[in-house]
Amino acid sequence: MNRIHYIQGKVTMEILKLTNQIEESKFIATFHSAAIGNGKKGILLTGISGSGKSTLSALLASQGFDILSDDLTPMVEGNLILSNPSALSIKEGAFNTIESTHPNFRNSGTVLNLKKNIKVKYLPLKKFSDRNTPLPCHQIIKVNYSKKSKESLKKINCNSILDTLIPDSWISPKKENAESFLNWISQCQFYELTYNENQFAIDQVKALFKTTLS
């Protein structure tokens, strides 16, 4: 992890400790991922920049799901994830899509992301999850929006997920926390969602919320 990620991680941890009134020793990890929930469980969404995580989160929010986090998801003792809401960053290519489901998005100002040289707008949702009850999470989806690829939702091995999830995430160095993380990851289900039609993606994630660990 480079220096800037280390500093960002430390600042974020201090904020999480204060807002949740939880000691750092109780945190298992902070994942570089989005997360959505239905009040009973959560699902992590990971993928490279531009893969469609934030757009999919916004679409799911319009279907009644809670946005738990957009870019960083904390996990605490018991391998439970916490809500860490912030405004959704939507890239220019998805502006029209989000305006069709969130009319208030039209009023958001456009910002130029100088680092990536792309235009973004921030989605001011009426409802982020105000239920910061820790939720179980045993499903991780690698999101891949692609106009040309065949749509699919398939199970994949953990390596394909961890290569994307872990580099910018923080895992507690505390022995028992690290062991808890390894136990959790060994029980997770990993999926890759490739889509070019929004309804297909929405339907697939909805179906996963109805499944249980096998």
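Only this structure's heavy atoms are used, side chains among them; waters, hydrogens and symmetry mates stay out. The first residue of the sequence shown is numbered 1, and numbering continues consecutively from there.
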Full working for side chain to side chain contact (heavy atoms under 4.5 Å, CB included) between L45 and S33:
CA-CA 6 Å; L45 304 178; S33 72; 6.0 Å; no
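- Geometric assessment of K121 against the ring of F95 yields a positive cation-pi assignment under the 6.0 Å and 45° thresholds.
- From Y145, atom OH reaches atom CD of E197 across 7.5 Å, with rounding to the nearest 0.5 Å.
- Ion pairing between K17 and E14 holds under the 4.0 Å rule for side-chain N and carboxylate O.
- Scanning for side-chain hydrogen bond (donor to acceptor under 3.5 Å, both in side chains) contacts around K41 gives Q139, with sequence neighbours left out.
- Under a 3.5 Å cut-off, the side chain of N157 and the backbone N or O of N159 do form a donor-acceptor pair.
- One distance of note links OG of S180 with CG of N79; it measures 3.5 Å at 0.5 Å rounding.
- Of the possible polar contacts, one joining the N196 side chain to the S149 backbone as a donor-acceptor pair under 3.5 Å is found.
- The hydrophobic clustering, which links ILVMFWY residues whose side-chain heavy atoms are closer than 4.5 Å, places L72 and I48 apart.
- To the nearest 0.5 Å, atom CG of residue L162 and atom OG1 of residue T46 are 9.5 Å apart.
- Under the 6.0 Å cut-off for aromatic ring centres, F181 and W170 do not qualify, their centroids lying 6.0 Å or more apart.
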Please assess N183 against E179 for the test side chain to side chain donor-acceptor pair (under 3.5 Å), listing each intermediate value before the final yes or no.
CA-CA 6 Å; N183 180 61; E179 290 175 346; over 6 Å; no
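- If you check the side chains of S172 and N177, you find a donor sitting under 3.5 Å from an acceptor.
- The distance from atom CD1 of I166 to atom CD1 of I161, rounded to the nearest 0.5 Å, is 10.5 Å.
- Here S25 contributes atom OG and K174 contributes atom NZ; the two are 4.5 Å apart, rounded to the nearest 0.5 Å.
- One side chain, Y191 or Q189, offers a donor N or O that lies under 3.5 Å from an acceptor on the other.
- Note: L135 CG to I81 CD1 = 6.0 Å, rounded to the nearest 0.5 Å.
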